[in-house]
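Lettering of chains follows the sequences in order, A, B, ..., and the numbering in each one begins at 1. Heavy-atom basis, side chains included; hydrogens, waters and symmetry copies ignored.
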2 protein chains.
Amino acid sequence: MVQIPKTPGPSSPAPRPVPTSADVARLAGVSRATVSYVLNNTTSVRISEPTRRRVHEAAKELGYVPHAAARSLRAGHSRLVLMPAPDFPVGPLYSRFISELQWALGRLDYTVVQFGSVGLHGDEAVRAWAELRPVAVLVPGAGLGPQGVEVLKGSGARAVVTLGSEPVDGAHALLMDHEAVGHCAGSHLHDRGRRRIGVVVPREHGLESFSLPRLKGVRDALHGTTATLTELPLAYAEDSAARLAASWRDLDLDAVFAYNDEYAMLLMRALQDEGVRVPEEVAVIGADDLMLGRLLRPRLSTVHIELPSGRDLAELVDRAVRDPAAAPETHKVLGATVIHRDSS
Amino acid sequence: MVQIPKTPGPSSPAPRPVPTSADVARLAGVSRATVSYVLNNTTSVRISEPTRRRVHEAAKELGYVPHAAARSLRAGHSRLVLMPAPDFPVGPLYSRFISELQWALGRLDYTVVQFGSVGLHGDEAVRAWAELRPVAVLVPGAGLGPQGVEVLKGSGARAVVTLGSEPVDGAHALLMDHEAVGHCAGSHLHDRGRRRIGVVVPREHGLESFSLPRLKGVRDALHGTTATLTELPLAYAEDSAARLAASWRDLDLDAVFAYNDEYAMLLMRALQDEGVRVPEEVAVIGADDLMLGRLLRPRLSTVHIELPSGRDLAELVDRAVRDPAAAPETHKVLGATVIHRDSS
DNA sequence: TTGAAAGCGGTACCAC
DNA sequence: GTGGTACCGCTTTCAA
């Protein structure tokens with residue numbers, strides 16, 4: 001910790017200027033071109049060993065770090081892969097996926113950056129991304145229309161990949177088929193003889209792009225049957241769950257799909273506290289197959305979700321970048337399978 | 001981008017070149033300077049209304065988006081705040097914190113970016129960050145030494161803030177006092193008459209910078225008492241917990257601090273399955289005060305953690321950026337308080 | 001009110 | 001083997 005005699009008013013020790021390749025060149029007694037050759041190990045040009053050393057020493061002495069912006073400006077492209085940072089609490093599933101993806105893209109020599117577009121909406125956000133001239137953009141959820149894709153491509157993005165419920169014109173799509181999740185759950189409950197089915201819809205903002213398709217999936221699964229579907233808005237808080245549980249008998253439901261395992265845990269606890277027996281009186285099923293479901297009693301039935309591997313997605317991105325003209329691929333990912341445990 | 005007649009391979013629609021301000025100028029029939037003035041609403045210069053319109057129309061027609069790199073290159077600085085993307089599964093606490101921070105920094109007109117440095121280590125990672133010439137860098141956990149701070153500052157970063165257990169020379173520090181968390185838990189257990197205390201240490205990688213200080217905190221709390229401390233390595237998986245529970249009677253412990261609520265839930269379930277009664281035979285306390293702890297039976301005692309508000313941290317960053325010469329601030333954040341429920 | 005031109009930091013072509 | 005230099009896209013004096 002440097003002990004700076006803090007004078008009033010900010011600013012005294014003129015922040016030393018950041019060293020440039022010109023500084024390195026000067027110190028090494030060579031030209032900027034030579035510096036560039038040496039530091040980039042350019043193979044198409046031979047530089048004598050003594051010169052190399054001098055350059056390296058000068059660079060180290062000055063603490064020289066190249067300027068990425070200048071470099072990519074000159075190069076006319078970057079290897080930047082951009083994804084908006086999620087602004088809602090992401091589950092362990094998603095964070096693992098992101099990590100894996102970053103790792104895989106890193107291996108392919110891309111630089112992955114999560115851009116915090118909190119507060120920006122739609123077009124604004126898209127423009128902000130485009131300003132960074134990413135070579136590829138990965139967009140989870142909705143929030144990107146065909147015109148957004150156009151803006152990105154128009155600004156040099158060679159690949160736009162959406163991870164969402166439905167494809168967007170012009171973009172590659174990883175279809176996370178959340179409807180299938182709901183469909184699985186709905187069918188499962190119906191198969192087990194349940195006919196008055198509730199579906200939890202989180203009140204939390206940002207989850208709509210998951211919860212609505214899941215809801216629709218249940219609706220579809222029940223379509224043409226005698227079963228009824230009741231939407232159950234629920235905030236992720238004990239009091240909200242308690243209120244819902246208190247009115248449970250009136251609702252007259254014999255099963256509930258709880259959006260995911262966390263909401264299921266919340267609701268199940270409230271129901272049990274209310275004396276409602278699971279699964280006898282009401283079957284409960286969650287989704288995401290989180291650890292906590294296995295730890296509950298009764299063990300929580302759930303819909304297991306198979307996310308695409310980060311490696312696969314990284315390869316899709318790479319393929320798309322190498323051949324931007326290729327037709328957008330649309331992959332159905334996210335295999336949904338019911339894991340039947342004790343709560344349903 | 002020049003249209004290279006690329007032989008076979010897919011690729012036909014030569015990717016149209018990205019429009020520049022020069023293109024806009026040409027189309028609008030004005031100079032690049034004028035384009036810049038208009039699009040940036042430069043106040044120090046008057047541009048006639050008709051000209052403004054022509055420029056705006058041309059920009060829209062071409063789908064012009066300015067080039068952030070070129071802009072900040074010219075400007076000599078950016079408003080980029082960089083933080084490494086966590087490469088371990090983050091809890092809800094941390095994700096909320098990040099979101100809030102991004103929002104707050106966004107309000108102050110910074111651009112927040114999480115940089116995926118997965119795979120890069122120490123100096124490499126620091127250099128990669130420095131290449132982006134961020135105006136500020138926020139580094140959680142360890143993994144940044146004084147020399148790293150020097151590299152960042154030497155490359156123009158006006159503020160380096162660490163969020164960790166201990167301060168780093170030259171950087172502002174938000175001291176997340178995880179030792180205090182352990183200390184709280186340890187004291188609490190001791191106060192309640194427990195003397196043979198186990199401490200869960202997650203086997204998962206990336207958690208050391210939290211788990212080790214927490215462990216040390218317990219050790220300190222117990223120092224000078226007659227109580228014993230036993231480290232309990234535990235992976236976040238049922239079988240690992242089952243093994244630990246199976247050997248429980250041999251361990252002869254009457255209390256355990258389970259690192260956090262999730263590990264506590266895992267362990268508590270395994271213990272209960274093994275017939276070990278909580279809290280009669282063994283008191284259990286977690287940390288982080290997650291929702292799930294309130295939903296368990298017995299309700300889980302926990303250490304509540306008060307993270308700094310995103311707004312406060314954003315203001316610290318802003319202050320530091322405006323006055324880089326000021327002495328690094330060191331803040332103890334993260335108030336730890338025991339929430340006594342039924343498991344201890 | 002507008003335009004010409006310098007220059008931010010690197011890279012890569014061409015000449016010596 | 002090395003150096004000179006044009007240029008990437010944008011902002012900002014300075015002149016006109």
Side-chain angles (χ1 to χ4, degrees), chain A residues 17-55 58-59 62-80 127 130-133 135 154-156, chain B residues 1-2 17-55 58-59 62-80 127 130-133 135 154-156:
Chain A
V18 178
T20 72
S21 78
D23 297 320
V24 176
R26 212 155 15 237
L27 181 57
V30 299
S31 73
R32 299 196 302 146
T34 306
V35 170
S36 176
Y37 294 141
V38 171
L39 297 183
N40 294 308
N41 273 314
T42 308
T43 49
S44 68
V45 94
R46 322 264 74 141
I47 302 286
S48 73
E49 211 37 62
T51 306
R52 301 189 94 83
R53 259 214 338 279
R54 293 219 314 284
V55 169
L62 294 176
Y64 170 72
V65 176
H67 192 306
R71 183 191 304 230
S72 75
L73 179 57
R74 171 64 227 225
H77 63 246
S78 70
R79 299 202 43 96
L80 179 72
R127 277 185 64 94
E131 291 191 2
L132 298 181
R133 297 288 192 273
V135 69
S155 72
Chain B
M1 198 168 286
V2 192
V18 178
T20 72
S21 79
D23 297 320
V24 177
R26 213 158 11 240
L27 182 57
V30 299
S31 75
R32 296 163 55 212
T34 306
V35 170
S36 178
Y37 292 142
V38 171
L39 297 183
N40 293 311
N41 272 315
T42 308
T43 50
S44 68
V45 92
R46 273 24 338 207
I47 301 287
S48 71
E49 209 38 61
T51 307
R52 301 188 94 83
R53 257 214 339 279
R54 292 219 314 285
V55 169
L62 293 176
Y64 170 72
V65 176
H67 191 306
R71 184 192 303 232
S72 73
L73 181 58
R74 168 65 224 227
H77 62 240
S78 71
R79 301 209 33 104
L80 179 71
R127 277 185 64 94
E131 291 191 2
L132 298 181
R133 297 287 191 274
V135 68
S155 72

Value rounded to 0.5 Å, distance of CZ in B:Arg127 from OH in A:Tyr64: 9.0 Å
Starting from P on D:dT11, measure out to CD1 on B:Ile47 and report it in whole angstrom. 14 Å
Let me confirm one number: the CD1-CZ distance from A:Ile47 to A:Arg53, rounded to the nearest 0.5 Å. 14.0 Å
Distance, rounded to the nearest Å, where B:Glu49 contributes CD and C:dT2 contributes P: 10 Å
For B:Ser36, which contact category applies under a 4.0 Å heavy-atom criterion: base, sugar-phosphate, or nothing? base
Below 4.0 angstrom from OP1 or OP2 of C:dG10, is there any side-chain N or O of B:Arg133? yes
Here's a test of your reading of the structure: between A:Leu73 and B:Val45, which maps to the more 5' nucleotide of DNA chain C? B:Val45
Measure the shortest side-chain to side-chain distance between A:Ser48 and A:Arg54 over non-hydrogen atoms and say whether it is less than 4.5 angstrom. no
Presence of donor-acceptor pair under 3.5 Å, side chain of A:Arg32 and base of C:dG10: yes
A:Leu62 atom CG is separated from C:dG10 atom C1', nearest whole Å, by 16 Å
Applying a 4.0 Å non-hydrogen cut-off, can you work out what B:Val55 is touching in the nucleic acid: base, sugar-phosphate, or nothing? nothing
Any B:Thr34 side-chain nitrogen or oxygen under 4.0 Å from OP1 or OP2 of C:dG3: yes
Please give, in whole Å, the distance from D:dC8 P to B:Asp23 CG? 11 Å
For B:Leu39 and C:dT2, give me the distance from atom CG to atom P, rounded to whole Å. 14 Å
Applying a 4.0 Å non-hydrogen cut-off, can you work out what A:Arg71 is touching in the nucleic acid: base, sugar-phosphate, or nothing? sugar-phosphate
Contact class for B:Thr42 vs. all strands (heavy atom < 4.0 Å): base, sugar-phosphate, or nothing? nothing
Side-chain donor/acceptor of A:Tyr37 to base of C:dC13, under 3.5 Å: yes
Classify B:Arg52 by what it touches in the nucleic acid, base, sugar-phosphate, or nothing, heavy-atom distance under 4.0 Å. nothing
For B:Ala75, is there any backbone N or O sitting under 3.5 Å from a side-chain donor or acceptor partner on B:Ser72? no
Please check the phosphate of C:dT2 (OP1 and OP2 only) for any side-chain N or O of B:Thr51 closer than 4.0 Å. yes
Rounded to whole Å, how long is the line connecting atom CZ of A:Arg74 with atom P of D:dA6? 12 Å
B:Ala70 or A:Ala33, whichever maps to the more 5' nucleotide of DNA chain D: A:Ala33
How close or far is atom P of C:dT11 from atom NE2 of A:His67, stated in whole angstroms? 12 Å
Please determine whether a side-chain nitrogen or oxygen atom of A:Ser31 lies at a distance below 4.0 Å from atom OP1 or OP2 of D:dG3. yes
How would you label the contact of A:Ser44 with the nucleic acid (heavy atoms, under 4.0 Å): base, sugar-phosphate, or nothing? nothing
In Å and rounded to the nearest 0.5 Å, what is the CZ to OG distance from A:Arg71 to A:Ser78? 12.0 Å
Once you round it to whole Å, what is the distance between P of D:dC10 and NE2 of B:His77? 16 Å
Using heavy-atom distances to pick each residue's nearest nucleotide on DNA chain C, tell me which of B:Val30 and A:Asn40 is more 5'. B:Val30
If only side-chain N and O atoms of B:Ser48 are considered, is one of them under 4.0 Å from the OP1 or OP2 phosphate oxygen of C:dT1? no
With rounding to the nearest 0.5 angstrom, report the CG to NE2 distance, B:Leu73 to B:His67. 10.0 Å
